[in-house]
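Hydrogens, waters and symmetry mates are skipped; everything else that's a heavy atom, side chains included, is used. We name chains A, B, ... by the order of the sequence lines, and we start the count at 1 in each one. In this text, all values refer to a predicted model and were calculated from it rather than measured experimentally.
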Number of protein chains: 2
Amino acid sequence: MRKNRKGCDVPDATILRLPLYLEKLKLLQAIGVEDVSSRQLAESLDIKASQLRHDFHYFGGFSRPGRPYQVDKLVPALEKIIGIAEPVPTAIVGAGHLGQALANYQNLEMQGFPVRGIFDVNPKLIGLDFRGRQVQDMDEMEAVISKENIKIAILTVPAANAQAVTDRLVAAGVVGIFNFAPTDLKVPATVAVRNERLAVGIMSLSFKVKCILENQALDGPAC
Amino acid sequence: MRKNRKGCDVPDATILRLPLYLEKLKLLQAIGVEDVSSRQLAESLDIKASQLRHDFHYFGGFSRPGRPYQVDKLVPALEKIIGIAEPVPTAIVGAGHLGQALANYQNLEMQGFPVRGIFDVNPKLIGLDFRGRQVQDMDEMEAVISKENIKIAILTVPAANAQAVTDRLVAAGVVGIFNFAPTDLKVPATVAVRNERLAVGIMSLSFKVKCILENQALDGPAC
DNA sequence: AAGATGTTGTTATTGCGATAACAGCACAAG
DNA sequence: CTTGTGCTGTTATCGCAATAACAACATCTT
């Protein structure tokens with residue numbers, strides 16, 4: 001009989017839209033737009049206005065009835081909800097090609113997720129510099145996580161090592177794992193995992209491409 | 001009044017699970033497992049067996065009632081459905097950090113998506129070699145797409161250029177776009193787009209992490 | 001041989017997210 | 001002041017995906 005859990009009973013589908021709202025709002029803010037209606041914002045994101053209002057309703061009180069949303073109020077409100085009102089320090093674990101690409105990806109820091117540590121076991125990679133930060137031996141991982149108060153880790157190690165590294169991360173106090181390894185991770189219920197599988201993405205695309213091509217071959221000339 | 005469209009009226013949710021099924025089955029195949037029941041396969045993927053059978057039912061005839069699935073039959077059947085029975089040539093457009101990482105990502109080729117072209121406009125990047133393939137000037141893009149019969153492109157250019165490049169890809173005959181740029185692309189109805197937004201992923205993770213930490217602070221010691 | 005167990009294919013039910021509908025408020029115009 | 005338009009917050013409805021249920025079939029054991 002736990003309580004409301006502070007609005008954590010929000011559907012996943014809604015959570016995934018929050019970053020899109022924030023992104024568009026920041027864009028509007030940058031070009032000096034002050035007010036925006038649910039209809040305007042929704043149309044620019046190809047969704048229905050009622051869905052946007054419904055999403056916002058989980059948190060409530062972004063505006064008052066009759067008045068459009070104020071961009072300058074909404075941006076910080078969303079940032080607070082998402083949890084990026086303050087910069088969120090992160091660690092990249094695994095400095096292979098993908099880890100390096102993410103270490104170079106300045107957008108991450110701009111979105112509020114500065115990289116405060118890059119780790120690998122490969123001696124050849126240790127010491128490599130990415131945007132002023134050097135790859136460290138994985139032995140130092142726990143110490144850095146603790147010192148920098150890192151709660152989110154980006155996991156880019158080979159699938160075979162993913163679970164072992166995950167266990168270390170959880171033990172070190174990490175609460176969220178952004179998993180790029182093609183493996184399901186076992187974690188306690190108090191740890192959030194988001195799997196990002198490139199293979200799934202490109203295969204689902206391949207399925208649709210196959211369908212399109214087959215249908216073009218069938219009734220294409222007739223259309 | 002179009003016909004069945006050859007089984008293309010499959011829910012997105014199901015399509016996204018097909019690669020997971022295939023992956024697990026290949027793993028089983030590699031260790032010599034011959035038969036597998038819907039229950040076994042589903043449990044290893046943390047889903048319900050009825051959902052797996054329901055998914056398979058869209059395509060039909062993987063097994064006969066009473067008999068478990070045969071791994072050696074199922075793998076090629078799924079590959080055919082997904083459209084990767086034959087290797088699917090792809091192009092990487094944008095040879096920045098992310099494009100380079102994907103060019104180095106040998107897993108793509110192993111999964112059936114060999115990279116047959118890497119393109120960029122930056123003269124400093126042209127000629128760089130990734131696994132035996134060199135970055136080419138984007139002027140050559142259309143010719144290569146046509147010659148190699150490329151239908152799927154991986155888009156890793158800056159958001160500002162994404163739409164212009166997309167238009168060129170579509171005109172050149174590309175039917176599927178794996179979009180890593182944080183922008184919504186406008187394409188004809190006969191082109192499939194899959195957006196892969198890293199920022200969305202990490203922000204949804206941040207939201208959950210914030211919830212976990214807040215709840216731990218609230219009722220953590222009591223539990 | 002017969003029953004127990006386990007399996008798939010298929011249909012029915014449930015549950016939840018997307019959409020629509022509406023009530024109440026704000027502001028502008030006449 | 002009154003009316004009209006447009007907006008949000010909230011509730012109700014709809015539709016689809018996830019789950020459960022069941023019928024038909026195979027295999028093994030006794």
For B:Asp35, side chain to side chain contact (heavy atoms under 4.5 Å, CB included) partners two or more places apart | B:Pro68, B:Gln70
Assess the side chains of B:Gln100 and B:Asn104: does a donor N or O sit below 3.5 Å from an acceptor N or O?
-> no
Let me know the distance between CD1 of A:Ile15 and C1' of C:dG17, rounded to the nearest Å.
-> 13 Å
Quick one: which residue pairs count as a side chain to side chain donor-acceptor pair (under 3.5 Å) with a foot in residues 72-95 of chain B, not counting sequence neighbours?
-> B:Gln29-B:Asp72
With a non-hydrogen cut-off below 4.0 angstrom, is B:Tyr69 in contact with a base, only sugar-phosphate, or nothing?
-> sugar-phosphate
Excluding sequence neighbours, so at least two apart, what forms salt bridge (charged side-chain N to carboxylate O under 4.0 Å, His left out) with B:Arg17?
-> B:Asp55
Have a look at A:Ser38 and say if it touches a base, only the backbone sugar-phosphate, or nothing, with a 4.0 Å heavy-atom cut-off.
-> sugar-phosphate
Atom-to-atom span, CZ of A:Phe59 to P of D:dT8 - whole angstrom | 17 Å
Take atom CG of A:Leu52 and atom C1' of D:dT8, then tell me their distance rounded to the nearest Å.
-> 11 Å
In whole Å, what is the span from the CZ atom of B:Arg39 to the P atom of C:dT7?
-> 6 Å
Measure all distances between protein nitrogen or oxygen atoms and nitrogen or oxygen atoms of nucleotides 15-18 of chain D, and list the pairs falling under 3.5 Å.
unit_1 : atom_1 : unit_2  : atom_2 : d
D:dA18 : OP1    : B:Arg17 : NH1    : 3.1
D:dA18 : OP2    : B:Arg17 : NH2    : 2.8
D:dA18 : O5'    : B:Gln51 : NE2    : 2.9

Taking all non-hydrogen atoms of both residues, which atom of B:Phe119 and which atom of B:Met141 are closest, and how far apart?
-> CE2-CA, 3.6 Å
Between D:dT8 atom C1' and A:Asp35 atom CG, what is the distance in whole Å?
-> 13 Å
Tell me what B:Arg53 touches on the nucleic acid: a base, only sugar-phosphate, or nothing, going by heavy atoms under 4.0 Å.
-> base
Check whether any side-chain N or O of A:His57 sits under 4.0 Å from OP1 or OP2 of D:dG9, and answer yes or no.
-> no
Would you list the pairs meeting ring pair (Phe, Tyr, Trp, His ring centres under 6.0 Å) in which at least one residue belongs to residues 72-110 of chain B, sequence neighbours left out?
-> none
Rounded off to whole Å, could you give me the CG-to-C1' distance for the B:Leu41 and C:dG9 pair?
-> 16 Å
Would you say D:dT27 has OP1 or OP2 under 4.0 Å from some side-chain N or O of B:Arg67?
-> yes
Nearest-Å distance, CZ (B:Phe56) to C1' (C:dT8)?
-> 12 Å
Can you list the residues that meet the salt bridge (charged side-chain N to carboxylate O under 4.0 Å, His left out) rule with A:Arg168, with sequence neighbours excluded?
-> A:Glu142
Quick one: label B:Phe62 by what it contacts on the DNA or RNA (base, sugar-phosphate, nothing), any heavy atom closer than 4.0 Å.
-> sugar-phosphate
A:Asp9 CG to C:dC16 P, straight-line distance once rounded to whole Å | 12 Å
